[in-house]
Amino acid sequence: MQSSLYEAEHEAFRASVREFLEKEAVPHTAAWEEAGQVDRDVWLAAGAQGLLGMDVPEEFGGGGVEDFRYNAILTAEVGRAGASGLGFTLHNDVVAPYLTDLCTDEQKARWLPGFVRGELITAIAMSEPGAGSDLQGLRTTAVRDGDDWILNGQKTFITNGILSDLVLVVARTDPEAGARGFSLLAVERGMPGFERGRKLDKIGLRAQDTAELFFTDVRVPAANLVGTEGHGFFHLMNNLPQERLSIAAGAVSASRIVLDLTIQYCKDRTAFGKPIGKFQNTRFELAEMHTEVSIAETYLEKAILEHNAGRFTVEDAAMSKWWTTELQKRVVDRCLQLHGGYGYMLEYPVAKAFLNSRVQTIYGGTTEIMKEIIGRSLGL
């Protein structure tokens, strides 16, 4: 069925993104994977191309257009180019809403222009060694001292952790207040006591700089409080649906990309004197995956439109996130099997897709947590 989601301006944007990635990312991907991170120059190039802060108000240099379709296109094209190290999705889809919706005018003027230009790379620090999906188990603390917050704690699995210049840190500011005891503090590069730990050695997403962060008596100015003191947990809950929709968009796109590659492989690869796609089992496997991915694409389109209309709920996001990411795992695994021995070779895109897909059901909230959210919404 023909998609009616994207209009002419969206397709023009897709073409510009694809051209940008072919020039600025594809030639460097192997080197980035070897280094474990991308070059900062690609962020500056992305900013100049208008790929950062599409929904940031024009007065700060952004695109001024609140339309998640552009975000979904960027996510899909980065996946198509195999440029997994580009943390643009985290920057645009996850961090941007905190800055545009919660920051004061002074904070916006201070941070958003650099955000849009790619000069100020961002991250958000939630997960800790002892707390991931259970945000209320976080132990990082911030104690008010005059005009500063004294921040102490450790974060892990932080995307853009090495390159980031501004990190939104979730900290417990009132130990006795339960869910109302968390706040968001913006920690800037160079603050004494803020240190990067290991660049974590992952099985996939090799060019993405995922890191440990340490905070030892970091003096964070009170002017760097993002949003309302004590409302950090609720700010997170309000913004997690877009993050999970972003992950779902990436999952559906990745599923289609690897399926298309596999269909072509099955047309070209021969066994017993004919293309392997001529065998009934192969045709049935491909038919099932094509059907499932097509259904996921239709659901994703509806989800994006609901999000644009302001009707996309926490439960909607949970359903979108767990089902599409589990689909991605399943599709990539079956596609690798159809490649046979070649599917196990890293020179084939399906092998890299297999490694990169595994984290999808973990970050942004595990499949199990997503099902728990849905189950509770049913009154169970």
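Taking CG of L336 as the reference point, atom OH of Y344 lies at 9.0 Å (rounded to 0.5 Å). Between M289 atom CE and S255 atom OG the span is 10.0 Å, to the nearest 0.5 Å. The NZ atom of K199 lies 4.0 Å from the CD atom of Q37; values are rounded to the nearest 0.5 Å. If you take CD on Q208 and NZ on K202, they are separated by 5.5 Å, rounding to the nearest 0.5 Å. Going from atom OG1 of T141 over to atom CG of D174 covers 12.0 Å, rounded to the nearest 0.5 Å. The NZ atom of K278 sits 9.5 Å away from the NZ atom of K267 when rounded to the nearest 0.5 Å.
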Steps toward side-chain contact (heavy atoms from CB on, under 4.5 Å) verdict (V170, F233): CA-CA 8 Å; V170 185; F233 183 79; over 6 Å; no

side-chain contact (heavy atoms from CB on, under 4.5 Å) evaluation trace for M319 with D316: CA-CA 5 Å; M319 289 189 288; D316 292 333; 3.8 Å; yes

Test log, rule side-chain contact (heavy atoms from CB on, under 4.5 Å), inputs R330 and D333: CA-CA 5 Å; R330 190 165 64 251; D333 184 71; 5.9 Å; no

T100/V56 under side-chain contact (heavy atoms from CB on, under 4.5 Å): CA gap, chis, key distance, verdict: CA-CA 7 Å; T100 58; V56 169; 4.0 Å; yes

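Of the possible polar contacts, none joining the N224 side chain to the L185 backbone as a donor-acceptor pair under 3.5 Å is found. Here the side chain of E301 pairs no donor or acceptor atom with the backbone of S3 at under 3.5 angstrom. In terms of modelled atom types and a separation under 3.5 Å, the side chain of S16 and the main chain of F13 share a donor-acceptor contact. Looking only at distances, a side-chain donor or acceptor of N356 sits under 3.5 Å from a matching main-chain atom of L205. Side-chain atoms of R189 come within 3.5 Å of backbone N or O of L163 as a donor-acceptor pair. Between the side chain of H235 and the backbone N or O of S183, no donor-acceptor pair lies under 3.5 Å. Counting only distance, with no hydrogens or angles, the side chain of T282 and the backbone of I276 share a donor-acceptor pair below 3.5 Å. At least one donor-acceptor pair closer than 3.5 Å links the side chain of S294 to the backbone N or O of H290. Side-chain atoms of Q360 never come within 3.5 Å of backbone atoms of S357 as a donor-acceptor pair (strictly under, hydrogens ignored). Of the possible polar contacts, one joining the T173 side chain to the G181 backbone as a donor-acceptor pair under 3.5 Å is found.
Here the side chains of W32 and L86 are in contact, with some heavy-atom distance below 4.5 Å. The side-chain heavy atoms of Q337 and E285, taken from C-beta on, include no pair separated by under 4.5 Å. Two residues are said to be in side-chain contact when any heavy atoms from C-beta on lie closer than 4.5 Å; T75 and N92 fail this criterion. Between R69 and E7 the shortest side-chain heavy-atom distance falls below 4.5 Å.
At a cut-off of 3.5 Å, with distance as the only test, a side-chain donor of R196 or S164 sits close to an acceptor on the other residue. Side-chain N/O atoms of T216 and E195 include no donor and acceptor closer than 3.5 Å. When only modelled atom types and interatomic distance are considered, D93 and N71 share a side-chain donor-acceptor pair under 3.5 Å. Side-chain polar atoms of N239 and E243 form no donor-acceptor pair below 3.5 angstrom.
The 12-atom threshold is exceeded at OH of Y98, counting heavy atoms of other residues, nucleotides or ligands nearer than 6.0 Å. By the neighbour-count criterion of 12 heavy atoms within 6.0 Å, atom CD of E106 is densely surrounded, having more than that number from other residues, nucleotides or ligands.
Ring orientation note: the planes of F88 and F20 are tilted relative to one another, at an angle of 30° to 60°. Between Y348 and H339, the angle of the ring planes goes over 60°, which puts this pair in the perpendicular group of the 30/60° scheme. Note: H10 and Y70 have tilted aromatic rings, judged against thresholds of 30 and 60 degrees for the angle between ring planes.
In this structure, K274 forms a cation-pi arrangement with F279, its terminal cationic atom sitting closer than 6.0 Å to the ring centre and no more than 45° off the ring axis.
No path of Ile, Leu, Val, Met, Phe, Trp and Tyr side chains, each step under 4.5 Å between heavy atoms, connects M126 with L151, placing them in separate hydrophobic clusters. Under the 4.5 Å side-chain heavy-atom criterion for ILVMFWY residues, a single connected hydrophobic cluster contains both L21 and I121. Linking Ile, Leu, Val, Met, Phe, Trp and Tyr residues whenever their side-chain heavy atoms come within less than 4.5 Å leaves W43 and L120 in two separate clusters. One hydrophobic cluster, built from ILVMFWY side chains closer than 4.5 Å, cannot hold both F194 and I150; they sit in different ones. A chain of hydrophobic side-chain contacts below 4.5 Å, direct or via other Ile, Leu, Val, Met, Phe, Trp or Tyr residues, connects V38 to L74.
In summary, D165 and R40 engage in a salt bridge, as defined by a charged side-chain N under 4.0 Å from a carboxylate O. With respect to E59 and K108, no salt bridge is recorded, no charged nitrogen being found less than 4.0 Å from a carboxylate O. The pair R256-E297 meets the salt-bridge criterion, since a charged nitrogen lies less than 4.0 angstrom from a carboxylate oxygen. Salt bridge annotation for R219-D145: present, with a cationic side-chain nitrogen under 4.0 angstrom from a carboxylate oxygen. A salt bridge is absent between E19 and K23: the closest approach of a Lys/Arg side-chain nitrogen to an acidic carboxylate oxygen does not fall below 4.0 angstrom.
When each of R139, R172, K155 is tested with E128 by the rule salt bridge (charged side-chain N to carboxylate O under 4.0 Å, His left out), just one qualifies, namely K155. For the side chain to side chain contact (heavy atoms under 4.5 Å, CB included) criterion with L184, the lone passing option out of I124, T228, L225, V226 is V226.
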Run the side-chain donor-acceptor check on residues 367-374: report pairs under 3.5 Å with partners two or more places apart or on a different chain.
{"unit_1": "T367", "atom_1": "OG1", "unit_2": "E326", "atom_2": "OE2", "d": "2.8"}
{"unit_1": "E372", "atom_1": "OE2", "unit_2": "R376", "atom_2": "NE", "d": "3.1"}

